[in-house]
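To keep things clear, I will list the structure first and then write my remarks on it.
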Number of protein chains: 2
Amino acid sequence: MEDSDTVLGKALGILRAFGPADSVLPLAELVRRTGLAKGSVHRIAGDLVRHRLLDKTEHGYRLSGGLFELGMRAAAERTLLEVAMPFLQDLYERTHETVHLGVREGHEVVYVAKIGGHRQAKAPSRAGGRMPLHCTAIGKVLLAYAGEDERTAVLSAPLERRTPHTVIAPGLLRGQLVRAVETGVAYEREESTPGLLCVAAPVLAPDGLTAVAAVSVTGPVGRFRPESHANAVRAAATALGATLARRRP
Amino acid sequence: MEDSDTVLGKALGILRAFGPADSVLPLAELVRRTGLAKGSVHRIAGDLVRHRLLDKTEHGYRLSGGLFELGMRAAAERTLLEVAMPFLQDLYERTHETVHLGVREGHEVVYVAKIGGHRQAKAPSRAGGRMPLHCTAIGKVLLAYAGEDERTAVLSAPLERRTPHTVIAPGLLRGQLVRAVETGVAYEREESTPGLLCVAAPVLAPDGLTAVAAVSVTGPVGRFRPESHANAVRAAATALGATLARRRP
DNA sequence: AAAGAGCGTACCGCTCAGTGGAACGCCTTC
DNA sequence: GAAGGCGTTCCACTGAGCGGTACGCTCTTT
């Protein structure tokens with residue numbers, strides 16, 4: 001799906017052929033998804049196994065633990081994760097709902113952490129996973145604090161309708177972003193996933209103008225009242241921001 | 001440090017040149033660590049940047065978020081992590097000490113998760129990081145439930161002394177392993193890091209004979225009494241084991 | 001100010017690693 | 001028993017990758 005004229009490109013193509021859903025893919029499927037020659041996929045996959053990026057099972061290939069280890073060394077997300085963990089922990093303990101930590105990556109959110117208990121609302125989000133900016137609470141917060149150019153770029157592109165509640169009117173969304181900056185929190189009400197509500201607050205950089213990340217609390221329609229957690233989320237996010245600022249003088 | 005005759009090998013060499021400690025490395029340092037030609041490192045690093053595995057900063061290269069995303073797709077650790085999270089959460093809430101989840105990878109532990117609060121004892125462990133088997137509570141548990149051949153392999157090799165308390169006598173360690181199987185928990189008392197104590201329990205496969213992972217609670221010498229958390233750790237680990245068994249019929 | 005060291009970048013001709021089409025054997029499925 | 005899908009192996013061609021060389025830059029040193 002990308003440029004596959006270099007060995008590295010092909011290898012990455014194979015690795016990225018694994019969607020968030022699939023755990024083990026047979027060779028033929030990899031050939032199909034990557035569009036590469038069967039022989040090439042066979043050989044490269046073999047190399048990847050040798051390098052502990054893939055595991056070869058009876059039924060095909062699987063992303064290996066070596067990849068996990070490598071990914072956890074990524075500097076930015078790792079330090080963010082480590083510093084944030086205590087605050088996320090506090091937040092969870094106070095709310096006992098699913099807690100997310102996310103950063104912006106282009107026009108999407110990438111979740112850096114997701115913690116929750118047994119009775120958590122089953123959200124499609126996963127650590128390392130992505131979501132559109134416009135239909136999630138974290139996304140809205142991040143978008144609200146993104147540069148004006150980024151914001152208009154997102155708002156002028158067609159906004160994908162994920163559920164009947166997804167806000168796809170740019171004007172409406174822009175209003176929500178303004179309110180997010182004013183109030184320090186953004187909400188999502190079944191806009192990305194039916195049955196899920198969410199509050200998010202920004203983790204601001206020392207300048208107070210840009211968001212380096214965002215924290216959210218998610219819960220199911222019914223028992224969950226996002227507004228009642230707004231303060232907790234805001235507190236966690238600002239505390240995290242202050243701690244991050246203290247680390248990098 | 002590995003085989004670097006294939007492009008992929010060189011690329012991996014570059015990525016793995018990043019130790020857990022360093023966040024940004026200049027080109028020259030990568031050349032030094034990998035032993036590759038300067039031109040090659042330059043070109044490959046450029047390719048890696050293009051593929052979102054590296055970021056290029058003012059002061060050098062840095063492992064990028066793309067790597068984090070990719071690593072989080074690793075099937076085994078991801079599902080383990082997701083299923084385990086609620087149990088780890090419970091355990092943390094009950095103890096308010098640092099909680100670890102680890103799996104065995106060769107003769108080392110790989111930590112899949114690490115959660116803790118503000119007052120956590122600062123351990124050198126990190127998610128995605130490694131530790132020797134013989135000097136950690138999780139390692140001992142995993143070793144106790146490993147195959148007999150694996151166990152003797154570890155015990156017959158010289159055991160690295162990490163601290164004055166590290167158990168390096170194979171007989172002594174073997175005794176601890178036997179006790180671990182009998183009691184369902186293993187302990188570590190400043191054997192990997194001065195000032196740290198730890199209790200761990202195995203997450204057993206349905207057969208009840210092999211451990212798929214291990215859970216631990218860590219705390220500082222002084223206030224922390226590992227024995228008093230043995231039951232909580234054991235409970236969390238067995239509950240997790242039961243849940244995992246239910247998922248794969 | 002000049003010399004030096006270390007850095008990132010750019011160039012380029014040689015060559016062998018990587019390529020992908022073809023063919024094979026092994027399974028199901030129809 | 002034909003047909004199709006699968007994983008694997010083989011092999012001759014070729015251009016991607018290689019690494020030595022060279023340049024410009026910014027510091028530090030003398």
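All of these numbers come straight from a predicted model, not from anything done at the bench.
The distance from atom CG of A/Leu30 to atom C1' of C/dG20 is 17 Å, rounded to the nearest whole Å. As a whole-Å value, the separation of A/Arg50 CZ from C/dG18 P is 11 Å. One interatomic measurement links the two molecules: CD1 of A/Ile14 to P of C/dG18, which rounds to 13 Å at whole-angstrom precision.
Taking the side chain to side chain contact (heavy atoms under 4.5 Å, CB included) definition, one finds that A/Pro124 meets it with A/Met131, A/Thr193, A/Leu196, sequence neighbours left out. With sequence neighbours excluded, the residues that form a side chain to side chain contact (heavy atoms under 4.5 Å, CB included) with A/Ile115 are A/Leu88, A/Gln89, A/Tyr92, A/Val99, B/Met85, B/Gln89. Scored by the side chain to side chain contact (heavy atoms under 4.5 Å, CB included) test, A/Ala17 finds A/Leu30, A/Arg33, A/Thr34 as partners (sequence neighbours excluded). Looking at residues two or more places apart in sequence or on another chain, you find a side-chain hydrogen bond (donor to acceptor under 3.5 Å, both in side chains) between B/Ser192 and B/Glu188. Checked against side-chain hydrogen bond (donor to acceptor under 3.5 Å, both in side chains), B/Ser64 has the following partners two or more places apart in sequence or in another chain: B/Asp55. Checked against salt bridge (Lys or Arg N to Asp or Glu O under 4.0 Å), B/Arg126 has the following partners two or more places apart in sequence or in another chain: A/Glu82.
From one end of the helix from C/dA1-D/dT30 to C/dC30-D/dG1 to the other, with five pairs defining each end axis, the axis direction shifts by 30° (rounded to 10°).
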Requested in this report: For each nucleotide in nucleotides 7-17 of chain D, reading 5' to 3', give B when a protein heavy atom comes within less than 4.0 Å of its base, S when such contact involves only the sugar-phosphate, and - otherwise.
Outcome: BBB-------S

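Between the side chain of B/Arg161 and the backbone N or O of B/Ile168, no donor-acceptor pair lies under 3.5 Å.
The side-chain hydrogen bond (donor to acceptor under 3.5 Å, both in side chains) pairs that include a residue from residues 130-141 of chain A are A/Glu108-A/Arg130, A/Arg130-B/Glu69, A/Lys140-A/Gln176, A/Lys140-A/Glu191, where partners are two or more places apart or lie in different chains.
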